[in-house]
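These values consider heavy atoms only, across backbone and side chains, with no hydrogens, waters or symmetry-generated copies. All chains are named by letter (A, B, ...) in the order of the sequence lines, taking the proteins before the strands, and each is independently numbered beginning at 1. What you are looking at is a predicted structure, and each value in this text was computed from that prediction instead of being measured.
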Amino acid sequence: GAGVSQTPSNKVTEKGKYVELRCDPISGHTALYWYRQSLGQGPEFLIYFQGTGAADDSGLPNDRFFAVRPEGSVSTLKIQRTERGDSAVYLCASGEGLSTDTQYFGPGTRLTVL
Amino acid sequence: QKEVEQNSGPLSVPEGAIASLNCTYSDRGSQSFFWYRQYSGKSPELIMFIYSNGDKEDGRFTAQLNKASQYVSLLIRDSQPSDSATYLCAVTGQAGTALIFGKGTTLSVSS
């Protein structure tokens, strides 16, 4: 079946602009995760959804970052007033929502803030 | 601060050799342990997961977990050039499912 998809694959924006990144999880997966990965680093957790609600948003770096999953499927990560330090690959993963869940990653969105 | 530590490498092995990748973690309450492979410019791909102490084998890959030592490893037998990638160790924290990743170990298999 189809894996996790993310759009756009690349996003270039200017400092101070607003961006939205979209994630479409594997069909039937109730858990959805956002991570971001900087060069030479492992992915860093941002937020986890179980269904429509954010079960854990402890990884969001500040209030410029927000994510929604209104119907329990597609999720959008929103970044306001982007800064150059936000440049990274934003990865989305989905899983079945179990405590021992395996997470399957999408291809990522490479965000570049100029 | 929950941490996952990996030697960044590069780890270089000849084709056909065994590659041994190691990982330590700080949170004694961690429950689940994962190895992901990441090719340059690509997203992480799940290789193996392990939940219980001991060894778990899947084809050429063996994951080993020692919770007392807070240590998890991945052995790759008969290494192939196509195994050349960065290997990420990840653990779940005590609370559940958010993965905490190490920085990854770069493996290079020469033919």
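The backbone N or O of A:Gly108 lies less than 3.5 Å from no partner atom in the side chain of B:Ser43, so there is not a single donor-acceptor pair. Proximity of a side-chain donor or acceptor of A:Tyr35 to a complementary backbone N or O of B:Leu99 within less than 3.5 Å is detected.
Within 6.0 Å of the CZ atom in A:Phe66, the count of heavy atoms belonging to other residues, nucleotides or ligands does not exceed 12. For A:Gln41, the CD atom counts as densely surrounded, since its 6.0 Å shell holds more than 12 non-hydrogen atoms of other residues, nucleotides or ligands. Other residues, nucleotides and ligands contribute more than 12 heavy atoms inside 6.0 Å of the CG atom of A:Leu114. By the neighbour-count criterion of 12 heavy atoms within 6.0 Å, atom NZ of B:Lys103 is sparsely surrounded, having that number or fewer from other residues, nucleotides or ligands.
Of all heavy-atom pairs spanning A:Pro43 and B:Leu88, the tightest one is CD-CD1, 3.9 Å.
In the hydrophobic clustering of ILVMFWY residues, with side-chain heavy atoms under 4.5 Å counting as a link, A:Val4 and A:Val68 come out apart. Note on B:Ile50 and B:Ile47: same hydrophobic cluster, where clusters join Ile, Leu, Val, Met, Phe, Trp and Tyr whose side-chain heavy atoms are under 4.5 Å apart, directly or indirectly.
Contacts of B:Gln38 with chain A are made by side-chain atoms alone, with heavy-atom separations under 4.5 Å and no backbone atom involved. A:Gln37 touches chain B through its side chain: at least one heavy atom from C-beta onward sits under 4.5 Å away, while N, CA, C and O do not.
Separating the CZ atom in A:Phe105 from the CG atom in B:Leu46 is a distance of 9.5 Å, to the nearest 0.5 Å. Going from atom CZ of B:Phe49 over to atom CD of A:Gln103 covers 12.5 Å, rounded to the nearest 0.5 Å.
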Test ring-ring contact (aromatic ring centres under 6.0 Å, His included) applied to B:Phe101 and A:Phe45, step by step: CA-CA 9 Å; B:Phe101 283 87; A:Phe45 169 73; over 10 Å; no
